Amino acid sequence: MDKYGMSDEEFLDWYQNQATTRDKELHDRLYDFGDLFDDMLFEGGCIQELIKCEIAVKKHEWIEQRIESPDELEYFSYNAYKTEIIDDTNNIAFFNCLDKVLCISAEHMNEDYILLHEMIHLHEDVLNCIPTFYRDSLLWALYSSLKKKVHNLDQLISAHAMVAGGQIVYSMGGTHDILFFLKSIDLDIRMGYSLGTVFGYDSANFFKGIELVK
């Protein structure tokens, strides 16, 4: 396994010979929710307008074309990652970026919002392998989209950006940056959850009184 995860051969060996039935079921669910992350793969969604460019074919004649993505995005596959159901009462779930494995405790294995939380971590790990302007473009696209949907979005971001709060969440479960914060809100809306569900860490209270734009 390299820094990008398993090869096709390694995945088949893991899936057929090592993964448990529950591990396989969890892995299959990655694909069930994959369309919710098309923006993080620069394939569509809110990033659509920022991945367009115009190519000159003749004098005064241009055609619109989608930009080429880095290989890490263009050839992304969930088969590069392992999934594991763990019997650990101290950890609800986590994504190990070094071993490229997404783990969820048996007690919470069927809770979709927990899987979605860890999938954001997984996709942010992919973005960490490519130039940072891709992350900036995605952050701007998510912000611009959510600005039309969530009242007081700027105030929410400002509160999330407070260093004291970041330190507390980091001590509990690692880094959850502004991009993560925005994507979690996007998933809440698309899944019909109360705001703060996907982010977790008791953030539902943080969103009390915040309404969606009708």
Side-chain angles (χ1 to χ4, degrees), residues 5-6 11 14-15 18-41 45-46 76-128 138-139 142 146 149-150 156-157 159-160 165-208 210 212:
M6 292 186 290
F11 171 76
W14 170 78
Y15 195 88
Q18 302 174 43
T20 67
T21 298
R22 295 191 303 180
D23 295 340
K24 294 176 184 179
E25 290 173 352
L26 178 59
H27 196 278
D28 293 343
R29 287 168 62 205
L30 296 179
Y31 282 97
D32 291 341
F33 292 118
D35 288 346
L36 296 173
F37 295 87
D38 54 355
D39 50 357
M40 298 192 81
L41 291 172
C46 66
F76 171 85
S77 172
Y78 290 117
N79 288 359
Y81 300 87
K82 295 180 182 179
T83 50
E84 184 178 352
I85 300 298
I86 57 175
D87 294 313
D88 186 347
T89 57
N90 295 319
N91 286 298
I92 293 176
F94 61 89
F95 173 69
N96 184 323
C97 62
L98 294 178
D99 295 332
K100 308 302 181 188
V101 56
L102 188 158
C103 300
I104 296 181
S105 68
E107 183 180 356
H108 300 279
M109 60 182 291
N110 294 317
E111 295 174 350
D112 291 340
Y113 67 93
I114 292 176
L115 175 58
L116 291 171
H117 179 109
E118 300 307 327
M119 288 180 72
I120 302 176
H121 284 306
L122 184 157
H123 281 280
E124 281 204 305
D125 184 58
V126 178
L127 294 175
N128 289 338
L138 177 59
L139 191 151
L142 278 167
L146 292 172
K149 302 175 183 178
V150 182
L156 289 172
I157 295 172
H160 177 74
Q167 289 177 336
I168 293 171
V169 174
Y170 181 78
S171 68
M172 297 170 63
T175 299
H176 296 77
D177 55 21
I178 291 175
L179 177 59
F180 188 104
F181 182 67
L182 292 175
K183 184 58 185 177
S184 73
I185 296 174
D186 172 67
L187 291 173
D188 283 336
I189 294 172
R190 294 169 73 174
M191 293 294 291
Y193 296 152
S194 299
L195 296 182
T197 301
V198 171
F199 189 89
Y201 300 101
D202 295 322
S203 63
N205 292 326
F206 181 76
F207 286 95
K208 279 187 177 179
I210 301 299
L212 300 180

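All values below were derived from every heavy atom in this structure, side-chain atoms included, with hydrogens, water molecules and symmetry-related copies excluded. Bear in mind the structure is a predicted one, so any value in this text is a computation, not a measurement. For this chain, numbers begin at 1 and follow the sequence in order.
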(message) Show the nearest heavy-atom pair for residues Ile168 and Ser171, with the distance to one decimal.
(response) O-OG, 2.6 Å

(request) Answer yes or no: is there a donor N or O on one side and an acceptor on the other, between the side chain of Asp23 and the main chain of Ile85, under 3.5 Å? (result) yes

(message) As an exercise, state the distance from CG of Asp99 to CD of Glu84, rounded to the nearest 0.5 Å.
(response) 10.0 Å

(message) Applying side chain to side chain contact (heavy atoms under 4.5 Å, CB included) to Met6 and Asn79, what does each step give before you reach the verdict?
(response) CA-CA 7 Å; Met6 292 186 290; Asn79 288 359; over 6 Å; no

(request) Kindly say whether Gly196 contributes a backbone atom to a donor-acceptor pair with the side chain of Asp188 at under 3.5 angstrom? (result) yes

(request) Enter the distance from Leu187:CG to Asp112:CG here, rounded to the nearest 0.5 Å. (result) 11.5 Å

(message) For Phe33 versus Phe37, what's the shortest heavy-atom pair and its separation?
(response) O-CD1, 3.4 Å

(request) Check whether any side-chain heavy atom of Leu26 lies under 4.5 Å from a side-chain heavy atom of Met109, and answer yes or no. (result) no

(request) For the residue pair His121 and Phe180, categorise the inter-ring angle as parallel (less than 30°), tilted (30 to 60°) or perpendicular (more than 60°). (result) tilted

(request) Find the distance between SG (Cys103) and CD1 (Ile92) and round it off to the nearest 0.5 Å. (result) 14.0 Å

(request) Starting from the C-alpha separation in whole Å, work towards a yes-or-no answer on side chain to side chain contact (heavy atoms under 4.5 Å, CB included) for Val126 and Met40. (result) CA-CA 9 Å; Val126 178; Met40 298 192 81; over 6 Å; no

(message) Quick check against the 3.5 Å criterion: does Thr175 have a side-chain atom that pairs as donor or acceptor with the backbone of Asp177?
(response) no

(message) Can a side-chain donor-acceptor contact be found between Tyr81 and Asp125 if the only test is distance below 3.5 angstrom?
(response) no

(message) Is there a side chain to side chain contact (heavy atoms under 4.5 Å, CB included) between Val101 and Phe95? Walk through the geometry before answering.
(response) CA-CA 6 Å; Val101 56; Phe95 173 69; over 6 Å; no

(message) With rounding to the nearest 0.5 angstrom, report the CG to SG distance, Leu102 to Cys97.
(response) 12.0 Å

(request) Could I get the full list of ring pair (Phe, Tyr, Trp, His ring centres under 6.0 Å) partners for Tyr15, not counting sequence neighbours? (result) Phe11

(request) Identify whether the distance between the nearest side-chain nitrogen and carboxylate oxygen of Asp186 and Lys183 falls below 4.0 Å. (result) yes

(message) Side chains of Ile185 and Leu195, heavy atoms from C-beta outward: is any pair under 4.5 Å?
(response) yes

(message) Quick check: do Leu142 and Leu179 have side-chain heavy atoms less than 4.5 Å from each other?
(response) yes

(request) Please confirm whether the backbone N or O of Ala93 pairs with a side-chain atom of Asn91, one donor and one acceptor, at under 3.5 Å? (result) no

(message) Is the ring pair His27/Trp14 parallel, tilted or perpendicular, if the boundaries are 30 and 60 degrees?
(response) tilted

(request) For Thr83 and Leu30, run side chain to side chain contact (heavy atoms under 4.5 Å, CB included): C-alpha distance rounded to whole Å, both residues' side-chain angles, the deciding distance at 0.1 Å, then the answer. (result) CA-CA 9 Å; Thr83 50; Leu30 296 179; 3.8 Å; yes

(message) Do Met191 and Leu36 make a side-chain contact, defined as non-hydrogen atoms from C-beta onward lying under 4.5 Å apart?
(response) yes

(request) May I ask you to check whether His176 and Phe181 place their ring centers less than 6.0 Å from one another? (result) no

(request) Quick one: pull up OG in Ser105 and CD1 in Ile114 and give me the separation to the nearest 0.5 Å. (result) 6.5 Å

(request) Locate the shortest heavy-atom distance separating Cys46 from Asp39; write the atom from each residue and the value. (result) SG-OD2, 3.7 Å

(message) Tell me whether Asp88 contacts the main-chain N or O of Asn90 through its side chain, where contact means a donor paired with an acceptor under 3.5 Å.
(response) yes

(request) Starting from the C-alpha separation in whole Å, work towards a yes-or-no answer on ring-ring contact (aromatic ring centres under 6.0 Å, His included) for Tyr78 and Phe76. (result) CA-CA 7 Å; Tyr78 290 117; Phe76 171 85; 4.9 Å; yes

(message) So which atom in Ala106 and which in Arg22 form the shortest heavy-atom distance, rounded to 0.1 Å?
(response) CB-NH1, 3.6 Å

(message) Is the distance between the ring centroids of His108 and His117 under 6.0 Å?
(response) no

(request) Hey, could you give me the CG/CZ distance between Leu182 and Phe199, rounded to the nearest 0.5 Å? (result) 10.5 Å

